[in-house]
Amino acid sequence: MKIGILALQGAFAAHKRVLCDLGAHVTLVRTPDQLALVDGLVIPGGESTTMSMLLDSSGLREPLVHRVASGLPVFGTCAGLIVLASEIVDGRTDQEPLEVLDVKVRRNGYGRQIDSFETQLFIETGRRVSGMNGVFIRAPRVESVSEAVEVLAEVEGDPVLIRQRNVLAATFHPELGDNNCVHEMFSEMVAEYGRTNTESEQVRS
Ligand code: GLN
(Lines give C-alpha, C1' and ligand atoms only; values in the text may rest on other atoms or scores of the structure.)
Protein backbone atom coordinates (compact mmCIF):
# COMPACT_ATOMS: atom_id res chain seq x y z
CA MET A 1 0.00 0.00 0.00
CA LYS A 2 1.53 3.28 -1.12
CA ILE A 3 0.48 6.69 0.25
CA GLY A 4 1.42 9.64 -1.95
CA ILE A 5 1.98 13.18 -0.73
CA LEU A 6 1.40 15.94 -3.24
CA ALA A 7 4.75 17.72 -3.27
CA LEU A 8 4.24 20.57 -5.71
CA GLN A 9 4.52 23.15 -2.91
CA GLY A 10 4.03 23.53 0.83
CA ALA A 11 4.41 21.51 4.02
CA PHE A 12 4.80 17.97 2.66
CA ALA A 13 7.87 16.89 4.67
CA ALA A 14 6.09 16.78 8.06
CA HIS A 15 3.33 14.56 6.63
CA LYS A 16 6.00 12.23 5.29
CA ARG A 17 7.59 11.93 8.74
CA VAL A 18 4.28 11.12 10.46
CA LEU A 19 3.20 8.55 7.86
CA CYS A 20 6.63 6.87 7.89
CA ASP A 21 6.39 6.68 11.72
CA LEU A 22 3.08 4.87 11.26
CA GLY A 23 4.84 2.34 9.02
CA ALA A 24 3.29 3.50 5.73
CA HIS A 25 5.08 3.23 2.40
CA VAL A 26 5.27 6.90 1.40
CA THR A 27 6.11 8.49 -1.91
CA LEU A 28 6.11 12.09 -3.16
CA VAL A 29 3.78 12.90 -6.06
CA ARG A 30 4.63 15.56 -8.67
CA THR A 31 3.48 13.96 -11.93
CA PRO A 32 0.43 12.07 -13.29
CA ASP A 33 2.58 8.90 -13.60
CA GLN A 34 3.42 9.06 -9.90
CA LEU A 35 -0.24 9.68 -9.02
CA ALA A 36 -1.28 6.57 -10.92
CA LEU A 37 0.80 4.40 -8.54
CA VAL A 38 -0.63 5.49 -5.16
CA ASP A 39 -3.49 4.11 -3.03
CA GLY A 40 -4.09 7.39 -1.19
CA LEU A 41 -2.98 11.01 -1.46
CA VAL A 42 -2.25 13.76 1.08
CA ILE A 43 -2.62 17.36 -0.09
CA PRO A 44 -0.58 19.39 2.40
CA GLY A 45 -0.82 22.94 3.71
CA GLY A 46 0.95 25.74 1.89
CA GLU A 47 -0.51 28.31 -0.45
CA SER A 48 -3.69 27.19 -2.15
CA THR A 49 -3.46 29.78 -4.96
CA THR A 50 0.01 28.53 -5.98
CA MET A 51 -1.01 24.90 -5.57
CA SER A 52 -4.00 25.45 -7.82
CA MET A 53 -1.74 26.85 -10.59
CA LEU A 54 0.77 24.02 -10.17
CA LEU A 55 -1.98 21.40 -10.44
CA ASP A 56 -2.62 22.75 -13.94
CA SER A 57 1.01 23.12 -15.07
CA SER A 58 1.90 19.62 -13.80
CA GLY A 59 -1.06 18.06 -15.63
CA LEU A 60 -2.31 16.60 -12.33
CA ARG A 61 -5.69 18.30 -12.08
CA GLU A 62 -7.70 16.10 -14.40
CA PRO A 63 -6.29 12.69 -13.35
CA LEU A 64 -6.61 13.69 -9.70
CA VAL A 65 -10.30 14.63 -10.01
CA HIS A 66 -10.88 11.40 -11.90
CA ARG A 67 -9.17 9.23 -9.26
CA VAL A 68 -10.94 10.92 -6.35
CA ALA A 69 -14.28 10.40 -8.12
CA SER A 70 -13.46 6.71 -8.46
CA GLY A 71 -12.74 6.34 -4.73
CA LEU A 72 -9.07 7.22 -4.11
CA PRO A 73 -8.75 8.28 -0.45
CA VAL A 74 -7.49 11.85 -0.24
CA PHE A 75 -6.57 13.91 2.83
CA GLY A 76 -6.29 17.70 2.54
CA THR A 77 -4.89 19.85 5.32
CA CYS A 78 -5.31 23.63 5.48
CA ALA A 79 -4.49 24.82 1.91
CA GLY A 80 -5.20 21.20 0.90
CA LEU A 81 -8.79 21.54 2.14
CA ILE A 82 -9.20 24.76 0.11
CA VAL A 83 -7.92 22.96 -3.00
CA LEU A 84 -10.54 20.19 -2.53
CA ALA A 85 -13.52 22.46 -1.79
CA SER A 86 -16.53 23.15 -3.97
CA GLU A 87 -16.59 26.88 -3.18
CA ILE A 88 -13.87 29.32 -2.04
CA VAL A 89 -14.59 32.72 -0.51
CA ASP A 90 -11.77 35.31 -0.69
CA GLY A 91 -9.81 33.22 -3.14
CA ARG A 92 -7.93 34.67 -6.08
CA THR A 93 -10.19 35.16 -9.11
CA ASP A 94 -8.24 32.62 -11.17
CA GLN A 95 -8.11 30.06 -8.32
CA GLU A 96 -10.06 26.95 -9.30
CA PRO A 97 -10.74 24.31 -6.65
CA LEU A 98 -11.11 20.60 -7.47
CA GLU A 99 -14.77 20.62 -6.28
CA VAL A 100 -14.71 17.16 -4.68
CA LEU A 101 -15.69 18.27 -1.15
CA ASP A 102 -19.09 19.94 -0.65
CA VAL A 103 -18.06 22.87 1.54
CA LYS A 104 -17.91 26.61 1.34
CA VAL A 105 -14.57 27.72 2.77
CA ARG A 106 -13.11 31.17 3.45
CA ARG A 107 -9.37 31.56 2.89
CA ASN A 108 -7.55 33.04 5.90
CA GLY A 109 -10.92 32.93 7.68
CA TYR A 110 -9.36 33.51 11.11
CA GLY A 111 -7.26 36.48 9.99
CA ARG A 112 -3.66 36.71 8.83
CA GLN A 113 -0.43 35.10 10.09
CA ILE A 114 -0.63 36.98 13.39
CA ASP A 115 -3.95 35.23 14.06
CA SER A 116 -2.52 31.72 13.89
CA PHE A 117 -3.44 29.81 17.05
CA GLU A 118 -3.41 26.47 18.83
CA THR A 119 -6.31 24.86 20.67
CA GLN A 120 -7.38 21.51 22.14
CA LEU A 121 -9.51 19.37 19.81
CA PHE A 122 -11.80 16.39 20.41
CA ILE A 123 -11.94 14.19 17.36
CA GLU A 124 -14.42 11.43 16.44
CA THR A 125 -12.08 8.74 15.19
CA GLY A 126 -14.77 6.14 14.64
CA ARG A 127 -14.60 3.87 17.66
CA ARG A 128 -13.77 6.59 20.17
CA VAL A 129 -13.06 10.28 20.70
CA SER A 130 -9.38 11.24 20.61
CA GLY A 131 -7.85 14.43 21.94
CA MET A 132 -5.12 16.34 20.14
CA ASN A 133 -3.81 19.87 19.93
CA GLY A 134 -4.93 21.66 16.78
CA VAL A 135 -2.37 23.95 15.14
CA PHE A 136 -4.07 26.57 12.96
CA ILE A 137 -1.81 28.59 10.64
CA ARG A 138 -3.51 31.23 8.46
CA ALA A 139 -6.27 28.67 8.54
CA PRO A 140 -9.31 28.54 6.30
CA ARG A 141 -12.72 28.70 7.97
CA VAL A 142 -15.41 26.28 6.83
CA GLU A 143 -18.58 28.38 6.53
CA SER A 144 -20.99 25.65 5.47
CA VAL A 145 -21.05 21.96 4.61
CA SER A 146 -23.59 19.89 2.67
CA GLU A 147 -25.47 16.96 4.21
CA ALA A 148 -22.98 14.59 2.58
CA VAL A 149 -20.23 15.90 4.84
CA GLU A 150 -19.58 14.42 8.29
CA VAL A 151 -18.12 16.78 10.90
CA LEU A 152 -15.51 14.92 12.99
CA ALA A 153 -14.28 17.87 15.07
CA GLU A 154 -15.22 21.49 15.57
CA VAL A 155 -13.96 24.62 17.29
CA GLU A 156 -16.57 27.06 18.57
CA GLY A 157 -19.12 25.72 16.09
CA ASP A 158 -16.78 25.75 13.06
CA PRO A 159 -16.10 22.36 11.44
CA VAL A 160 -12.31 21.79 11.54
CA LEU A 161 -12.10 18.10 10.57
CA ILE A 162 -14.56 16.73 8.02
CA ARG A 163 -15.12 13.69 5.87
CA GLN A 164 -17.16 13.09 2.74
CA ARG A 165 -16.83 9.42 1.72
CA ASN A 166 -13.19 9.05 0.56
CA VAL A 167 -12.28 12.71 1.18
CA LEU A 168 -10.90 13.69 4.60
CA ALA A 169 -9.95 17.31 5.30
CA ALA A 170 -8.71 19.47 8.17
CA THR A 171 -8.49 23.24 8.47
CA PHE A 172 -5.59 22.74 10.93
CA HIS A 173 -2.25 20.89 10.67
CA PRO A 174 -2.59 17.38 12.17
CA GLU A 175 1.00 16.65 11.06
CA LEU A 176 2.16 19.19 13.68
CA GLY A 177 -0.02 17.84 16.49
CA ASP A 178 0.94 15.94 19.64
CA ASN A 179 -0.33 12.60 18.32
CA ASN A 180 -1.05 10.87 15.02
CA CYS A 181 -4.74 9.99 15.38
CA VAL A 182 -5.87 11.79 12.21
CA HIS A 183 -3.13 10.23 10.09
CA GLU A 184 -4.06 6.85 11.59
CA MET A 185 -7.64 7.42 10.48
CA PHE A 186 -6.45 8.25 6.96
CA SER A 187 -4.16 5.18 6.87
CA GLU A 188 -7.20 3.04 7.72
CA MET A 189 -9.15 4.63 4.84
CA VAL A 190 -6.26 3.78 2.51
CA ALA A 191 -6.05 0.21 3.82
CA GLU A 192 -9.79 -0.23 3.30
CA TYR A 193 -9.49 1.11 -0.27
CA GLY A 194 -6.63 -1.34 -0.91
CA ARG A 195 -8.73 -4.26 0.38
CA THR A 196 -11.73 -3.30 -1.78
CA ASN A 197 -9.54 -2.96 -4.90
CA THR A 198 -7.86 -6.30 -4.29
CA GLU A 199 -11.27 -7.95 -3.86
CA SER A 200 -12.59 -6.46 -7.11
CA GLU A 201 -9.40 -7.56 -8.92
CA GLN A 202 -9.95 -11.09 -7.60
CA VAL A 203 -13.57 -11.03 -8.82
CA ARG A 204 -12.39 -9.88 -12.27
CA SER A 205 -9.70 -12.59 -12.62
N1 GLN B 1 -3.83 30.69 3.86
C2 GLN B 1 -3.29 29.64 3.04
C3 GLN B 1 -4.02 29.56 1.70
O4 GLN B 1 -4.94 30.24 1.49
C5 GLN B 1 -3.35 28.30 3.75
C6 GLN B 1 -2.40 28.28 4.93
C7 GLN B 1 -1.88 26.92 5.29
O8 GLN B 1 -1.99 25.97 4.52
N9 GLN B 1 -1.24 26.85 6.44
O10 GLN B 1 -3.70 28.78 0.88
Side-chain angles (χ1 to χ4, degrees), residues 3-19 26 28-30 40-58 60-61 64-65 68 74-121 123 132-145 149 152-156 158-164 167-183 185-186:
I3 302 187
I5 305 175
L6 188 69
L8 298 174
Q9 190 269 337
F12 50 86
H15 282 287
K16 186 170 179 198
R17 212 172 320 118
V18 173
L19 289 167
V26 181
L28 298 182
V29 171
R30 295 190 173 99
L41 184 75
V42 175
I43 306 185
E47 185 48 61
S48 59
T49 50
T50 311
M51 235 183 273
S52 174
M53 269 164 35
L54 293 173
L55 279 170
D56 288 320
S57 57
S58 63
L60 275 165
R61 178 183 294 270
L64 180 52
V65 170
V68 177
V74 62
F75 175 25
T77 59
C78 204
L81 181 150
I82 301 172
V83 166
L84 293 166
S86 50
E87 189 181 344
I88 304 175
V89 183
D90 279 352
R92 230 175 45 189
T93 46
D94 59 351
Q95 180 175 7
E96 278 187 45
L98 296 174
E99 297 181 18
V100 294
L101 176 64
D102 290 342
V103 299
K104 179 171 161 187
V105 63
R106 182 176 294 276
R107 280 185 67 220
N108 302 327
Y110 296 92
R112 304 187 65 78
Q113 190 75 27
I114 190 105
D115 299 309
S116 296
F117 62 99
E118 202 170 318
T119 189
Q120 180 66 26
L121 301 177
I123 296 172
M132 98 178 284
N133 63 330
V135 178
F136 293 79
I137 305 171
R138 286 188 305 123
R141 189 172 209 150
V142 171
E143 295 196 334
S144 63
V145 301
V149 175
L152 306 177
E154 46 184 40
V155 170
E156 293 179 8
D158 292 338
V160 298
L161 179 67
I162 52 185
R163 179 173 176 179
Q164 183 177 359
V167 179
L168 180 68
T171 58
F172 60 103
H173 286 265
E175 75 283 10
L176 302 178
D178 55 5
N179 67 61
N180 297 336
C181 67
V182 183
H183 285 79
M185 192 191 310
F186 183 61

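For this chain, numbers begin at 1 and follow the sequence in order. Counting convention: from 1, in listed order, for ligands and their atoms alike.
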Specify whether Phe75 and His183 have parallel, tilted or perpendicular ring planes, treating 30° as the upper limit for parallel and 60° as the lower limit for perpendicular. perpendicular
side-chain contact (heavy atoms from CB on, under 4.5 Å) against Asp56, all qualifying residues, sequence neighbours excluded: Arg61
Applying a heavy-atom distance cut-off of 4.0 Å, which protein residues contact ligand 1? Gly45, Gly46, Glu47, Ser48, Cys78, Ala79, Ile82, Arg107, Asn108, Ile137, Arg138, His173
When you check the gap from the basic side-chain N to the acidic O, do Arg138 and Glu47 get nearer than 4.0 Å? yes
Residues Asp90, Arg106: salt bridge by 4.0 Å N-O rule: yes
Could you pull out all residues at least two apart from Pro159 that satisfy side-chain contact (heavy atoms from CB on, under 4.5 Å)? Val142, Val145, Val151, Ile162
State which residues pass side-chain contact (heavy atoms from CB on, under 4.5 Å) with Asp178; sequence neighbours excluded, sorted by chain then number. Met132, Asn133
